[in-house]
Amino acid sequence: MPIRVHPDIANLVPYSPGKPLDELERELGIHGAVKLASNENPLGPSPKAMAALTQTTATLHRYPDGGAHHLTRALAERWKVGADHVVVGNGSDEILSLLVKTFMAPGDEAVMADQTFVMYKLAVTGGHGICVEVPLKDWRYDLSAMARAITSRTRLLFVCNPNNPTGTVVTHEAVQAFMNTVPDHVIVVFDEAYYEYVRDPHFPNAVAYVQQGRQVAVLRTFSKIYGLAGLRIGYGVTTPEIVGYLQRVRNPFNTNTLAQHAALAALGDDEHVAASHAINETGMAAVDDGLRRLGFDPLPSQANFVYFDTRRDGHEVFTRLLHQGVIVRHIHGSMIRVTIGKPEENRRFLKALADVIGQCAVIDA
Ligand SMILES: *Cc1c(COP(=O)(O)O)cnc(C)c1O
């Protein structure tokens with residue numbers, strides 16, 4: 001008997017994380033490649049987190065604290081909610097999958113943008129749900145169109161803010177108008193992985209909706225500004241009712257001891273966060289300026305990456321950059337996303353791009 005697999009699973013395309021640096025360097029016979037592909041912190045992990053890791057190794061024969069007690073309490077205090085409003089996960093990706101697993105039955109719908117974080121589609125389709133994709137409007141989430149896409153089968157609605165890969169945000173005003181129309185049977189998931197990078201004073205306070213008792217889940221992560229992507233730890237701030245259901249579904253030891261301790265230390269490392277924010281600000285200005293000098297029109301970004309139209313075969317641009325030791329992310333068509341790195345990495349990217357665009361034919365729009 002052959003094994004059976006549901007077509008929803010068979011038809012999934014695995015998430016493509018890109019090759020590890022060392023493997024790529026071996027393959028291409030280069031060294032000193034720069035990775036600007038996954039929106040990681042170019043300054044590395046919080047030094048306080050690294051110190052906490054060293055101190056934690058002696059207790060690794062013990063199971064983790066399944067309730068992530070200290071981290072949960074610290075996060076609750078930080079966001080001025082009760083500890084019963086916080087759930088910690090193996091990356092915010094896990095919380096996302098838990099939301100799908102917990103609240104979606106086969107045939108239920110999740111509303112999302114057509115150009116956004118690919119994990120929503122993977123998680124929902126893998127959970128036998130239906131993805132209702134709403135086109136972006138001027139590269140931004142079209143919240144009124146998303147509200148109109150809600151049906152009685154809608155369980156989740158994802159708002160990636162800032163949006164990956166565009167870097168654009170929806171404002172407080174737009175979110176408020178949207179929240180006034182969203183029915184209570186829909187959980188609105190604000191994915192704020194880049195929250196700590198945002199400068200826009202009109203950025204909404206999504207946690208306030210949780211405090212008001214709305215059906216909202218705010219996802220945050222230690223993978224981006226805190227520099228702990230390799231440890232896999234993120235969290236959700238949501239209602240005690242939703243937390244309660246997620247606690248039933250999650251694995252008992254979903255986050256490991258090292259990750260919990262490092263995250264707690266990183267949360268208290270204001271200096272590292274400030275330095276990471278600052279290097280992103282100057283790097284963003286330099287990359288934006290450099291791209292404009294090369295004739296591109298990058299989208300205004302509130303995150304730690306920039307999205308732009310190469311007006312060429314994006315895969316070819318990506319591949320040629322790769323051969324120059326600069327790894328970016330080809331999203332689709334002519335569109336490329338590049339993470340803001342250290343000043344020398346940004347210069348290296350801009351220089352490589354200047355070389356590469358001379359080698360690729362321009363596509364007429
Ligand atoms: C990077 C990222 C995350 C974070 O994922 P983790 O699982 O916490 O590493 C979540 N959402 C978006 C949009 C991201 O870009």
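When a ligand or atom number is given, it counts from 1 through the structure's own listing order. Quantities reported herein were computed from a predicted structural model and do not represent experimental measurements.
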Aromatic plane relationship, Phe308 with Phe349 - under 30° parallel, 30 to 60° tilted, over 60° perpendicular: perpendicular

When you check the side-chain N and O atoms of Tyr120 and Asp191, is any donor under 3.5 Å from an acceptor? yes

I want to know whether His315 and His330 have ring centres closer than 6.0 Å. yes

For Gln260 and His69, does a side-chain donor sit closer than 3.5 Å to a side-chain acceptor? no

Quick one: are the ring centres of Phe305 and Tyr194 less than 6.0 Å apart? yes

Contact table ligand 1 N or O to protein N or O, d under 3.5 Å:
unit_1   : atom_1 : unit_2 : atom_2 : d
ligand 1 : 5 (O)  : Ser92  : OG     : 3.4
ligand 1 : 7 (O)  : Ser92  : N      : 3.2
ligand 1 : 7 (O)  : Asp93  : N      : 3.0
ligand 1 : 7 (O)  : Asp93  : OD1    : 3.4
ligand 1 : 7 (O)  : Asp93  : OD2    : 3.4
ligand 1 : 7 (O)  : Arg232 : NH2    : 2.6
ligand 1 : 8 (O)  : Ser92  : N      : 2.7
ligand 1 : 8 (O)  : Ser92  : OG     : 2.9
ligand 1 : 8 (O)  : Thr221 : OG1    : 2.5
ligand 1 : 8 (O)  : Ser223 : OG     : 3.4
ligand 1 : 9 (O)  : Ser223 : OG     : 2.6
ligand 1 : 9 (O)  : Arg232 : NH1    : 2.8
ligand 1 : 9 (O)  : Arg232 : NH2    : 3.3
ligand 1 : 11 (N) : Asp191 : OD1    : 3.2
ligand 1 : 11 (N) : Asp191 : OD2    : 2.7
ligand 1 : 15 (O) : Asn164 : ND2    : 2.8
ligand 1 : 15 (O) : Tyr194 : OH     : 2.6
ligand 1 : 15 (O) : Lys224 : NZ     : 3.2

Table please: side-chain donor-acceptor pairs of residues 233-244 below 3.5 Å, with sequence neighbours left out.
unit_1 : atom_1 : unit_2 : atom_2 : d
Tyr235 : OH     : Trp79  : NE1    : 3.0
Thr238 : OG1    : Val216 : O      : 2.7
Thr239 : OG1    : Ile242 : N      : 3.1

